[in-house]
Peer 1: 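My structure is below; once you've seen it, I'll send some questions.
Every chain is numbered from 1, with letters handed out A, B, ... down the list of sequences.
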Amino acid sequence: MALHKSMLVARADLKMAMKVSYVKYGLIAIVSLGPIMLVGLVFLIALLDPATAAATLTMMDPLLSPMLGILAIIPASLISANALVGEREQSTLEPLLCTPLTDRELLIGKALSSLIPAITLLLGSILITEISTIMILLYVGAEVVLFPGVASLFLLLTAGPTLILAIVSVMILISGRVKRVYEAYQTSGATVFIFVIPMMLPMVSMDASGNVDMNLVWLSNIVTFLVCLLLALITWALAIGRFNRDKMVSM
Amino acid sequence: MDEVIAIGLTKRFDDLTAVDHIDLNVPEGSIYGLLGPNGAGKSTTLRLLCTLLRPDEGTASVGGFDIIESPVKIREITGVLPEEGNHTLYQTLSSYENLEYFGKLYDIPEDEIPSRIEELLSFMGLWERKDDPAGELSTGNRQRLALCRALLHRPKVLLLDEPTSALDPIAAKRVRELILSLAEKYKQTFFINSHNLAEVQRICDSIAIIDEGKILLSGNTKELRSRLQASQSYRIRVANDLEGALLVAKSMDFVKSVDKEVDSITVTIEDPDSNNSFLMQSLLSKGIKIIEFAEEEATLEDLYLDVIKGGAE
């Protein structure tokens, strides 16, 4: 297997996506929503009460930070839907399947074309949120905390990429069954909501003052990561094993 | 040696048998035409040969490689122009970028790719448009660009699905000339799907006629033509004395039928290779000025009828 061929496929997919302005700016806009919302919130909290800002942010972190993951994963689902189903819809898949690319090279290329931008956007949004938070807290003279905090960073940096891989795998699996890109969007969109688990689960432990049990936060984040990992492993194995050129072309 | 061989090749889609136990033998360096109407099984046959589809029964080899056991090898040595090839380009990429991408996928050495692209685009008259997005090219130019993509890695076998469909007559002629010149220059084997009998007659060494997934007839183009059409129709347009031309034609034993039109007559002649010159001389000797003596193109439908009527298998 030649990895450079997979990279070629990924680069070409990205190049084509970036040549379409509404795709390029649409992706940036979706991912920007997370940092804008979180940094805006940090600004308000810090400005209203700098003394309690750090504690408030620590309390809200487990509930809000997964949003960065969801918003960074949505572009992955959009790109991966286009990667195979979109190519077939635009009639460009057949010539690609006629090249000496093996199934594995092609699928890894398609996976990378979603993973690379999605992870870049995820890291970018985390970095922007962290730096902006630190700057705001320093500016108002409040205690400096990480926002997203360590538990959320663990979630975003582990479960994020694995869920992106799972989404790409789901897309490959359904690519032989759905005819249109919008059908693929709907299926992949549902997968994103796994990230709702770590947003909702810690609420169970929330007391009257709004504090959440950090042990439960860590547990829910680890469970989410394991769910994503399991999903990614199963769907990737199925995608590789069941990918069928015959079915892709016959539809 | 045969470059493409199919034995009992069969492909089914649910209840439909798209390709039904077909046998093919395409000699190396030849231009082979697979003729048939829409839905006859031409595209499915081509997709089986380029390993996009897996057969349900039978076997086939391309360039000595089995389509089941060595699909990657086959994809390395074949160039494919899919059906509606002009729609299969990346619309947002330029002509050059489209070819560059495929050049890399076909493992052409990096330093050779620019020269090959320039050679092909220049040959096709597209070099000036190399930076234009493929989506902005005309249908004819896109078809030529798709052909460049199929040729870029200098494949041994070219599998072309309706290469001139959707092209205007001038562009279609250019593509036909291109196929002939490539066959001569690189000695490549061409397997061409078409529903255009006239086109196939012009460029193919051998043809097969397929309908409802079955090969009805196959063989050398010239032999088939004489076998199927022992008599041939010609349109004779004259500058004067149309009635005289009609009488002369009717008086000939080898003329099977004569139809009069506004400025011409259409005659069906037995053994035209021997008798055409005699008919022309007779017309000229009566002072009839011939403006045009043209072969009437037989339609695919005529051929099918001949095949079915004659039971020629």
Side-chain angles (χ1 to χ4, degrees), chain A residues 1-26 79 82-84 86-110 112-113 175-176 179 242-251, chain B residues 11-14 16 18 43-44 46-56 70-94 97-108 110 133-135 142 145-146 149-150 152-153 155 159 161:
Chain A
M1 197 196 77
L3 194 63
H4 75 275
K5 285 197 176 177
S6 303
M7 282 306 295
L8 270 176
V9 174
R11 266 207 300 269
D13 275 3
L14 284 172
K15 194 173 182 180
M16 280 177 269
M18 291 305 117
K19 281 204 174 190
V20 184
S21 302
Y22 71 86
V23 173
K24 184 164 65 178
Y25 297 118
I79 297 169
N82 266 314
L84 280 169
E87 283 231 35
R88 190 178 53 217
E89 204 173 273
Q90 290 154 29
S91 309
T92 53
L93 185 63
E94 205 165 310
L96 192 62
L97 294 177
C98 289
T99 65
L101 278 173
T102 63
D103 289 353
R104 207 164 279 236
E105 286 163 353
L106 176 67
L107 296 184
I108 290 175
K110 292 297 180 187
L112 288 174
S113 69
S175 61
K179 286 186 176 174
R242 293 195 179 179
F243 180 71
N244 188 338
R245 286 170 189 247
D246 199 312
K247 217 165 194 170
M248 294 293 296
V249 176
S250 305
M251 277 193 78
Chain B
K11 180 68 186 174
R12 296 185 193 90
F13 298 109
D14 300 322
L16 173 77
S43 296
T44 305
L46 190 135
R47 286 170 168 176
L48 285 164
L49 295 177
C50 68
T51 78
L52 281 176
L53 295 176
R54 284 175 74 89
D56 293 311
S70 313
V72 176
K73 285 280 177 198
I74 289 180
R75 294 201 288 268
E76 280 172 5
I77 61 154
T78 53
V80 181
L81 178 72
E83 197 176 7
E84 295 188 353
N86 62 84
H87 293 300
T88 63
L89 297 156
Y90 292 104
Q91 309 288 309
T92 54
L93 295 186
S94 70
E97 287 169 332
N98 263 287
L99 296 184
E100 189 182 36
Y101 177 37
F102 277 81
K104 287 175 181 170
L105 289 177
Y106 278 105
D107 268 337
I108 299 172
E110 289 266 351
R142 284 205 304 269
L145 183 59
R149 184 182 60 195
L152 190 63
H153 58 293
L159 305 165
D161 201 350

Peer 1: Listed by chain and number, what are the side-chain contact (heavy atoms from CB on, under 4.5 Å) partners of A:A17, not counting sequence neighbours?
Peer 2: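 Scan of A:A17 (side-chain contact (heavy atoms from CB on, under 4.5 Å), adjacent residues dropped) gives A:V23.
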Peer 1: Please state whether the side chain, the backbone, both or neither of B:K11 comes within less than 4.5 Å of a heavy atom of chain A.
Peer 2: side chain
Peer 1: Side chain from CB out, backbone as N, CA, C, O: work out which of these in B:L159 comes under 4.5 Å of a heavy atom of chain A, or both, or neither.
Peer 2: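 B:L159 has no heavy atom closer than 4.5 Å to chain A.
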Peer 1: What are the two closest non-hydrogen atoms of B:L105 and A:K5, and how far apart are they?
Peer 2: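 The answer is O-NZ, 3.3 Å.
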Peer 1: For A:H4 and B:D107: C-alpha separation, side-chain torsions, deciding distance, then whether side-chain contact (heavy atoms from CB on, under 4.5 Å) applies.
Peer 2: CA-CA 10 Å; A:H4 75 275; B:D107 268 337; 3.7 Å; yes
Peer 1: Using the salt bridge (charged side-chain N to carboxylate O under 4.0 Å, His left out) criterion, which residues pair with A:K15? Sequence neighbours excluded.
Peer 2: B:E97
Peer 1: With a 4.5 angstrom heavy-atom cut-off, is it the side chain or the backbone of B:V72 that approaches chain A, or both, or neither?
Peer 2: both
Peer 1: Measure A:Q90 against the heavy atoms of chain B and call it side chain, backbone, both or neither at under 4.5 Å.
Peer 2: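 For A:Q90, backbone heavy atoms alone lie under 4.5 Å from chain B.
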Peer 1: Quick one: of B:L52, B:T51, B:V80, who has the most non-hydrogen atom pairs under 4.5 Å with chain A?
Peer 2: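 Ranked by contacts with chain A, first place is B:L52.
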Peer 1: Nearest 0.5 angstrom please: A:E94 CD to B:T88 OG1, how far?
Peer 2: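 Rounded to the nearest 0.5 Å, the CD-OG1 separation comes out at 8.0 Å.
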Peer 1: Is A:L93 close to chain B through its backbone or its side chain, or both, or neither, when contacts mean heavy atoms under 4.5 Å?
Peer 2: neither
Peer 1: Taking all non-hydrogen atoms of both residues into account, name the closest pair between B:R75 and A:T99 and its distance.
Peer 2: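 B:R75 and A:T99 have their closest heavy atoms at NE-O, 2.8 Å.
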Peer 1: Quick one: what part of B:F13 sits under 4.5 Å from any heavy atom of chain A, side chain, backbone, both or neither?
Peer 2: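 Just its side chain gets close to chain A.
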Peer 1: Taking all heavy atoms of B:Y101 and all of A:L96, pick out the closest pair and write down the distance.
Peer 2: OH-CD1, 3.6 Å
Peer 1: What are the two closest heavy atoms between A:C98 and B:Y106, and how far apart are they?
Peer 2: O-OH, 3.3 Å
